[in-house]
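Data first, discussion second: the structure below is written as structure tokens.
We name chains A, B, ... by the order of the sequence lines, and we start the count at 1 in each one. All values reported here derive from a predicted model rather than from experimental measurement.
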2 protein chains.
Amino acid sequence: MSMGNNYELYKVFYWAAKTGSLTQAAKALFLTQPSVSHAIKQLEDRLGITLFYRNSKGVALTHEGAILYSYIEQSQILISRAEEKMASLKNLESGELRIGGSDSLFKHYLLPYLEGFLQKHPGIRLHLNHGTTPEIIAFLKEGRIDLGVVRMPIVDSQLKVTESIQLQDCFVAGPRFAELKNMVLSFDMLLQYPIILFSRNSRARMAITELFESYGYKLKPEIEVGSVDLLIEFARKGLGISYVTREFVSKELEEGSLFEIQLDVQLPPSHVGIMIMRNMPLSISASRFIELVR
Amino acid sequence: MSMGNNYELYKVFYWAAKTGSLTQAAKALFLTQPSVSHAIKQLEDRLGITLFYRNSKGVALTHEGAILYSYIEQSQILISRAEEKMASLKNLESGELRIGGSDSLFKHYLLPYLEGFLQKHPGIRLHLNHGTTPEIIAFLKEGRIDLGVVRMPIVDSQLKVTESIQLQDCFVAGPRFAELKNMVLSFDMLLQYPIILFSRNSRARMAITELFESYGYKLKPEIEVGSVDLLIEFARKGLGISYVTREFVSKELEEGSLFEIQLDVQLPPSHVGIMIMRNMPLSISASRFIELVR
DNA sequence: TATTTCCCATAGACATGGTCTATAGCTCCT
DNA sequence: AGGAGCTATAGACCATGTCTATGGGAAATA
């Protein structure tokens, strides 16, 4: 068979060589001296090479033993480093957390959790990948991210989605349209005003468009913008009425730079979903982060 | 206690990661698949970290597993190299042979053995250290040479000396003293001629000086030289009568450029001794070389 | 020289734990 | 639906690594 079959013997050899004493090696390894003696003898037998000179002071490497040691020492050091690294990963002293989602969810939903997590675990490197929901799902399946944060609903049998907080989309306007503040509008009335929508095929836009259609209306935006920030900004400047997530404009609503348009139809709420791969183990950092969010 | 206690598990991990399959790893390690499965599970449990994604095609490293692998791979490669190196040492495909002795013994006694040994084992590097007998003994005790080749007798309890071939010292002269060729000389007569001796405190010189003294004569050389080659050369040139080892001038005796002086007293023979440290394991190359010489 | 005190080696009992066979569950492919 | 890959699990078994007890040798101590 192969010669030095049992790698445990190299560990014993390493400590015996390093300490120059079987007794010391035994202490380091939490073994007894005879065990170490036996292990060394066994390694020597398997290799067919005498590795140590024994005398009453201890042991010393033979020439061949010294050659072996030069390799084994490196090998053992690598294993030690590996174990240290694993410990640091486990304790979240190092590692990385890779999250996919939309910019707005990062900013308005995840930010406080991320702050807390990074403060508690400064060794963790954070990677945020933004994209559309299908892109995020693709990232997840490619293993490029540990978890995705998107709007529900998600239907994909490979994914496990846990519902998180509820969000309420709504129409908001700036002071320019102050006359609408205390009114309850119908879709009909709303469509008299310039509408600002998110430009991309976002889940929220598709949902609201469908809702209007189900009532027999066509929702055609005057302006399309590419970011949630611009949706807010344009509404504030009076360029139109923006369809936004209420929770994302809570500051503007409070300070009065925006107000919510009241409609005679209840707009459907949406939920944030946290997606992970079903049947795939979570990275340590990701599972800890999800605990934190929940 | 410490986490990844059993280094055997890393070997299993290495092959599982390398082949991407527990079944393949089992084949490589001459184990069964359940054993590998169990070993991996155990390593994961001990580390507290999931190392592989399992699916019906096989296994794939998790992020953490990949980090572990980057260390373990190096470590395993080093062990493989170590085992290869040990095998090559054992087969005398590499290694070194360090011998101490006198120049003349190297040249006239060991040379043919060394030639044969090196031809058979071209990977072995030879180190020859010359010095006086006490120096050689010191080298041995310091571990700077594997074996020493010197004249007997040696008395040192730390050494194990095996007697090798017998050598006969004698006086030789060149054609200049041809008149002595068929004579049997007494010490008295011999001392009429210029004597050439080895200059250093060599064992042979001390022995012959003592012998003369035991017969009541004082052996005082006309010329002292520092090498055996010069002893021979000076005698050939007729500068005097040299005290040399007969076996070392066999060529000159045959071709007639030197002849042996016959004495009425039998000069004591000497033996070559091969010294090694008692109670210390021999290097592989040294023990094989000694077998060859014996 | 006698004594103590370190070492390491050996013997034999014991139990841990690694390995096996058998089997089940899963996914993908035909 | 069936087959052919995987991996996971259960439980029996025994090899081997570990222990205690002991012996012997060398070196320091007295």
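Side chains of B:T19 and B:S21: a donor-acceptor N/O pair is absent below 3.5 angstrom, by distance only.
Look at CG on A:L51: it is 16 Å from C1' on C:dA9, rounded to the nearest Å. Rounded to whole Å, atom P of D:dG17 lies 18 Å from atom CZ of A:F13. Atom CD in B:Q42 sits about 13 Å away from atom P in D:dT9, given to the nearest Å. The distance between atom CD1 of A:I40 and atom P of C:dC7, rounded to the nearest whole Å, is 16 Å. Remark: P of C:dA15 and CG of A:L31 are 18 Å apart, rounded to the nearest angstrom. Nucleotide D:dT7 holds its P atom 10 Å from the CZ atom of B:F52, rounded to whole Å. Regarding A:H38, its NE2 atom lies at a distance of 11 Å from the C1' atom of C:dA9, rounded to whole Å. Residue A:Y53 contributes atom OH, which lies 18 Å from atom C1' of D:dA26 at whole-angstrom precision.
The neighbour count for A:K120 NZ, taken as heavy atoms of other residues, nucleotides or ligands under 6.0 Å away, does not exceed 12. A:R288 CZ: 12 or fewer foreign heavy atoms inside a 6.0 Å radius.
Between B:S21 and A:A39, it is B:S21 whose nearest contact on DNA chain D lies nearer the 5' terminus. Between A:P34 and A:Q24, the residue anchored nearer the 5' end of DNA chain C, judged by the nucleotide with its closest heavy atom, is A:Q24. Comparing A:Q33 and A:F30 by the nucleotide of DNA chain D whose heavy atom lies nearest to each, the residue mapping closer to the 5' end is A:F30.
For A:K41 and C:dT10, the shortest distance from a side-chain N or O to OP1 or OP2 is below 4.0 Å. Contact annotation: A:S35 does not reach the phosphate of D:dG17 (side-chain N/O to OP1 or OP2, under 4.0 Å). Using a 4.0 Å cut-off, some side-chain N or O of A:T32 falls inside it from OP1 or OP2 of D:dC19. OP1 or OP2 of D:dA8 lies within a sub-4.0 Å distance of a side-chain N or O belonging to B:R54. Contact annotation: A:S37 does not reach the phosphate of C:dC8 (side-chain N/O to OP1 or OP2, under 4.0 Å).
Relative orientation of the B:F13 and B:F52 rings is tilted, given thresholds of 30° and 60° on the angle between their planes.
The distance from the CG atom of A:L97 to the CG atom of A:L128 is 8.0 Å, given to the nearest 0.5 Å.
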